[in-house]
J.: 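My structure is below; once you've seen it, I'll send some questions.
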Amino acid sequence: MNTNPLEKQNFFDLGDLNALRQDALKSGGDQQASNEALKKAAEQFESIFTQMLMKSMRKANEAMEDKNSPFNSSGVKFFQEMHDQQLSLELSKKGSLGLADLIVKQLSPNVDGYKPSSILRNDAQLPMQKPTPEQLPEFIRRQPEPVAQAEKLNEKPNFDSPESFISAMWDHAKSAAQKIGLNPAVMIAQAALETGWGKHVIAKQDGGSSFNLFNIKADRAWQGEHAKKMTLEFEKGLPVQKQASFRAYESIKDSINDYVDFLQSNPRYSQALNNADKPEQYLEELQQAGYATDPNYAEKIKNVLQRGEFKQMLTSLVRQGVN
C-alpha cells in the first residue's frame, strides 16, 4: 500500500503543500529524497502554470457563450474551475508540458543536466538572414510569382490622411456609383465613417488588410475570405459589444464593387436605391433598411458630407486630375 502523501495530491488540500514542505526538510543529505521533493515541487509549479493556461482559454471563450444557457451559470462555472484545477495537477504528474522536467534539470545540483539561459532563451532575437537566390531550391527559384502574390495580398493600404483616403477611393467609387446613380462622394463619406478615414480597416488573421471599407458582414451566402472583429451594436437603443465576421477582399476596388452588388442583391435596400439620386433620402432609407444599428448612422454620414474640409478635398483632388 502506498502511504506517501505526495503521490495522492489534491489541488484543494492545503495539507499536500505542507507535506511537500516537510518532505523537502526531512530529505537532509539524502540525495534521492531531495530529488523526489524537487520533482514534486516542479510538478506543483507546472500545475499552476497549466491552470493559468486553462483559465485564459475559458476566459477567451466567454465572448462566444450563450449567456442564457444553463450550462454557463455561475454555479456550473464554479465546478468547472474546480475540475480544471484538479485536471491541471493530474496533467503535471504525467509531464504533459514537460515544464516540470525542465525545472528539475535547472535546479538540480547535477551540473550535467543544466542548460545555460542562452540556450533556453534569447529574447526572440534570432538571427534572420535572407537566403540568396543560389541558396534556394531550384523549384522555388523557378516559381517567384506565387511568393510575390502572397506578399501583395498581405499589403495594407496606406491611408495617412483623409486626402489619401479620398484619392485611393475616388476612381473606383465614381465607376461603381454610376451603376446605381449615386454621387460617389456619398459612398466615400460612408466609408470614411465606417473606417475612420481608413485608419481602422478590419485586419485579417494573417495581419493583412481585409479592404472592407463598408464593414459588410459575412453572411452564409458569402464564399470569400473572412475577418473577425469585436464590434459595437445597438440593441434596444443600448450599445452592446459582439464578435462578428466580416467580408475580406483583395483590393479597394473589390470592396467598392461588392458594396454595390450587396445593395442590389438585397431587396430590403430597394427603396434606398430608388432614391440614390437624393443623397439625404438615400442615407435615411439605408438606415431604415437596417444597414447599421446606430440610430444616428445617417446623420453622421450627412455631417461628413456637409463639412467644408470634405468638399474642399474633393474639389482639390478633381482639379489635380483625379476624375
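Residues: numbered from 1 along the sequence shown.
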J.: Under the 3.5 angstrom rule, does the side chain of N275 hit a backbone N or O of Y282 as a donor-acceptor pair?
T.: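 Pair absent, no side-chain N/O of N275 close to backbone of Y282.
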
J.: Between the side chain of K311 and the main-chain N/O of L305, is any donor-acceptor distance below 3.5 Å?
T.: no

J.: Is K253 salt-bridged to D171, cutoff N-O under 4.0 Å?
T.: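 Salt bridge: no.
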
J.: Distance only, no hydrogens: is a donor on one side chain within 3.5 Å (strictly under) of an acceptor on the other, for Q264 and Y259?
T.: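 Y259 and Q264 do not have a side-chain donor-acceptor pair below 3.5 Å.
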
J.: Would you say the side chains of D160 and S164 form a donor-acceptor pair under 3.5 Å?
T.: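 Indeed, the side chains of D160 and S164 share at least one donor-acceptor pair under 3.5 Å.
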
J.: Return yes if some donor-acceptor pair links the side-chain N/O of S245 with the main-chain N/O of A218 below 3.5 Å, else return no.
T.: no

J.: Are any side-chain N or O atoms of S265 and backbone N or O atoms of D261, one a donor and one an acceptor, separated by less than 3.5 Å?
T.: yes

J.: D294 vs K300, test: side chain to side chain contact (heavy atoms under 4.5 Å, CB included). Steps then yes/no.
T.: CA-CA 10 Å; D294 185 348; K300 290 178 180 179; 2.6 Å; yes

J.: Heavy-atom count check: over 12 atoms from other residues, nucleotides or ligands less than 6.0 Å from E280 CD?
T.: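 Counting neighbours around CD of E280, 12 or fewer heavy atoms of other residues, nucleotides or ligands fall under 6.0 Å, so no.
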
J.: Apply the side-chain hydrogen bond (donor to acceptor under 3.5 Å, both in side chains) test between Y249 and each candidate in D254, N212, D258; give the one that qualifies.
T.: D258

J.: Do the side chain of Q287 and the main chain of A298 share a donor and acceptor less than 3.5 angstrom apart?
T.: yes

J.: Is H226 reaching over with its side chain to a backbone N or O of G224, donor-acceptor style, under 3.5 angstrom?
T.: yes

J.: Is the F262-Y269 ring centre distance short of 6.0 angstrom?
T.: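 Yes, the ring centres sit under 6.0 Å apart.
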
J.: Test your reading of the model: is there a side-chain donor-acceptor pair from N303 to the backbone of Q306, 3.5 Å cut-off?
T.: no

J.: Give a yes or no on whether Q205 atom CD has more than 12 heavy-atom contacts from other residues, nucleotides or ligands under 6.0 Å away.
T.: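 For Q205, atom CD is not crowded (no more than 12 foreign heavy atoms under 6.0 Å).
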
J.: Answer yes when E284 and K278 have at least one side-chain N-carboxylate O distance shorter than 4.0 Å, and no when they do not.
T.: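 A salt bridge is absent here (no side-chain N lies under 4.0 Å from a carboxylate O).
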
J.: Would the distance check show the side chain of R247 and the main-chain N or O of K217 forming a donor-acceptor pair, the cut-off being under 3.5 Å?
T.: yes

